[in-house]
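First the structure, in the form of structure tokens, and then the observations on it.
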There are 2 protein chains.
Amino acid sequence: MSNHPRNVISPGRGQNLTYSIVQDLGIAVVTGKYSGKNPFPVEADLCKQYGASRSILREAVKMLTAKGLLGARPRQGTWVQPEESWNLFDPDVMRWLLERKFSLSLLIEFTQIRLAVEPAAAAMAAMEAGPGEKAAIERALNRMIAAEHGEDDPLTSDIAFHISILRASGNRFYAQLRELIETALRFSIRTTNRVKGVRLASVNDHKKVSDAILKGDAAGAEAAMRDLIEEALHLIRKGEGIDAKGERVLLAPARASRR
Amino acid sequence: MSNHPRNVISPGRGQNLTYSIVQDLGIAVVTGKYSGKNPFPVEADLCKQYGASRSILREAVKMLTAKGLLGARPRQGTWVQPEESWNLFDPDVMRWLLERKFSLSLLIEFTQIRLAVEPAAAAMAAMEAGPGEKAAIERALNRMIAAEHGEDDPLTSDIAFHISILRASGNRFYAQLRELIETALRFSIRTTNRVKGVRLASVNDHKKVSDAILKGDAAGAEAAMRDLIEEALHLIRKGEGIDAKGERVLLAPARASRR
DNA sequence: CTGTTGGATTTATATGATAAATATCTTTAC
DNA sequence: GTAAAGATATTTATCATATAAATCCAACAG
């Protein structure tokens with residue numbers, strides 16, 4: 001029980017004023033609202049813009065600073081840091097980018113990370129997973145089977161499967177990719193669905209990974225996982241062909257923004 | 001000129017009160033000072049403890065919250081998040097952990113990430129690096145050669161080499177690992193040096209990587225890089241043998257802590 | 001041309017007050 | 001007695017205002 005895909009806010013983030021401003025400012029920054037001719041506003045102007053107190057704005061700016069998006073100095077003001085210092089591995093930053101400034105190239109680059117990491121994680125899981133972790137992988141696979149019969153959500157169960165393997169690897173850094181992969185998967189699936197009507201990878205391909213891990217076959221698990229993600233990467237790249245002029249947006253899920 | 005007993009600075013981070021408190025609190029959190037019987041203090045107590053105003057403490061706490069270390073709610077107070085939600089890919093968090101709570105297992109886990117990522121980056125660099133990026137790799141290799149003759153710092157040039165390849169991969173996520181790898185390398189080198197007096201990997205091994213990339217041999221670059229990092233991983237693991245009782249600290253570089 | 005001084009601007013820090021959220025205890029209703 | 005409803009206390013969240021510190025820039029002196 002207990003696991004609905006909590007879109008819900010984890011403790012700490014929340015529905016309060018500070019966090020909505022962090023969201024809004026964060027999105028504004030990553031979408032380039034404050035670049036070039038439009039410099040980042042001074043404290044006082046932000047207060048007016050959001051109708052909030054200086055404390056709140058300062059705290060919001062500090063949080064974005066902690067994520068590498070902003071910098072500040074007396075007299076010089078607050079500025080947007082160059083993109084290469086944004087902390088892309090921060091789940092918020094990644095989500096803002098994918099949701100609001102979706103670019104296939106970013107999704108591709110992240111999938112390349114997955115292609116490097118997940119096969120290695122599968123191999124490690126095959127060698128080192130304990131009984132509990134193996135059981136979790138099996139459960140996740142069963143959810144995928146259930147999803148095939150319409151008894152569970154295909155996307156959610158797919159995500160759960162990949163995550164169960166990352167956890168089973170026993171490597172904390174791998175496990176940290178959880179939120180990122182969750183975000184990215186939701187978008188890559190959406191993309192590929194739109195583009196070609198392609199469905200999720202077959203349960204059978206996932207079963208190959210799971211089987212190899214459960215019988216301790218590291219090389220097999222690694223190869224099977226690599227196939228899985230290479231397939232995903234291909235689908236994403238196919239999507240890219242449609243919009244031929246570079247790396248631009250394919251779909252940009254718009255949501256009503258608060259006011 | 002303006003330096004009191006202050007620590008190190010990068011742009012945006014600074015020598016001001018807020019950032020020293022972030023440092024100090026961040027280190028306290030990752031080293032487990034506020035766990036179990038010793039809960040995280042309430043706002044007012046932190047103010048007394050640091051002799052700073054509530055604004056400052058709140059901003060510091062918010063920054064640590066943004067890095068996944070803390071959470072807060074009215075009436076419930078502020079608490080340390082479970083380790084799995086710490087943002088390990090945040091350079092600050094990683095540095096605090098390695099500098100103040102060094103554990104071989106963490107270093108090993110990070111090196112496993114490198115083992116997954118850097119060979120892939122080398123392969124991509126071989127395929128896609130432009131002339132400027134190739135030149136940067138060559139320069140880095142030359143620095144290593146110079147270092148062999150005592151004309152440059154071996155560690156710094158080693159780091160520069162790995163980073164030049166990550167950048168040349170063209171993948172923004174890879175490039176983001178820069179700071180992390182820099183931190184980790186400084187520590188793994190220190191460790192292996194202490195443990196066995198082992199020296200850095202030979203320039204020749206690095207040259208193999210560089211040569212393969214420059215002539216566009218992706219498979220060769222990948223293999224050579226994998227050898228390089230597997231060697232490093234071995235050295236680190238050997239270090240682990242010395243302290244046989246599990247995964248504990250080998251060396252913990254202690255610095256005078258501020259007060 | 002060079003170094004210094006002062007003013008202006010912006011963030012950094014301090015303080016004290018009020019509001020909102022919520023865990024815990026208390027009362028009430030049945 | 002037990003559970004629902006309400007009161008209370010505690011803690012963060014928010015606001016408002018004041019002062020300090022950093023630093024860019026221009027004016028100025030030598």
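Every chain is numbered from 1 and lettered A, B, ... according to where its sequence line falls, protein lines coming before strand lines. None of these values were measured; they are calculated from a predicted model.
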Using whole Å, what does the distance between atom P of nucleotide D/dA21 and atom CZ of A/R75 come to? 18 Å
Along DNA chain D (nearest heavy atom to each residue), the more 5'-positioned of B/T78 and A/Q76: B/T78
Between C1' on D/dA13 and CD on B/E59, what's the gap in Å once rounded to a whole number? 14 Å
For B/L46 and D/dT11, what is the distance between atoms CG and P respectively, to the nearest whole Å? 12 Å
Are any of the side-chain nitrogens in B/R54 or B/E43 under 4.0 Å away from the carboxylate oxygens of its partner? yes
Expressed as a whole number of angstroms, how long is the span from B/E43:CD to D/dT11:C1'? 8 Å
Whole angstrom value for the distance that separates P of D/dT17 from CZ of A/R58: 17 Å
Can you pull out how bent the helix from C/dC1-D/dG30 to C/dC30-D/dG1 is, comparing the axes over its first five and last five pairs, to 10°? 0°
Taking heavy atoms of chain A and a 4.0 Å limit, find me the 5'-most and 3'-most nucleotide of DNA chain C within that range. C/dA8 to C/dT13
Report yes if at least one side-chain N or O of A/T18 is closer than 4.0 Å to OP1 or OP2 of D/dT14; otherwise report no. yes
Gap between atoms CG and P, on A/L57 and D/dA13 respectively (whole Å): 16 Å
Test item: side-chain donor near acceptor, B/R73 and B/T78, under 3.5 Å: no
Ion pair A/R172/B/E83, N-O distance below 4.0 Å: yes
What I want to check is whether the side chains of B/Q23 and B/W96 have a donor and an acceptor closer together than 3.5 Å. yes
The criterion is salt bridge (charged side-chain N to carboxylate O under 4.0 Å, His left out); which residues satisfy it with B/D152, sequence neighbours excluded? B/R143
Separation of atom CD1 in A/I56 from atom C1' in D/dT14, rounded to whole Å: 5 Å
Counting only distance, no hydrogens or angles, is the base of D/dT14 paired donor-acceptor with the side chain of B/R54 under 3.5 Å? yes
Side chain to side chain, B/L155 and B/I159, heavy atoms closer than 4.5 Å: yes
Using whole Å, report how far CG of A/L17 lies from P of D/dA13. 11 Å
Which is true for B/A52 with a 4.0 Å heavy-atom rule: it touches a base, it touches only sugar-phosphate, or it touches nothing? sugar-phosphate
Whether B/K134 and B/E138 form a salt bridge (side-chain N of Lys/Arg under 4.0 Å from carboxylate O of Asp/Glu) is what I want to check. no
Test side chain to side chain contact (heavy atoms under 4.5 Å, CB included) on A/M94 and A/L88 and set out the steps. CA-CA 6 Å; A/M94 174 93 169; A/L88 293 185; 5.8 Å; no
Hey, which of these two, A/G51 or B/P74, hits DNA chain D nearer its 5' end, going by closest nucleotide? B/P74
What pair of heavy atoms forms the shortest contact from B/F173 to A/F89, and how long is it? O-CE1, 3.6 Å
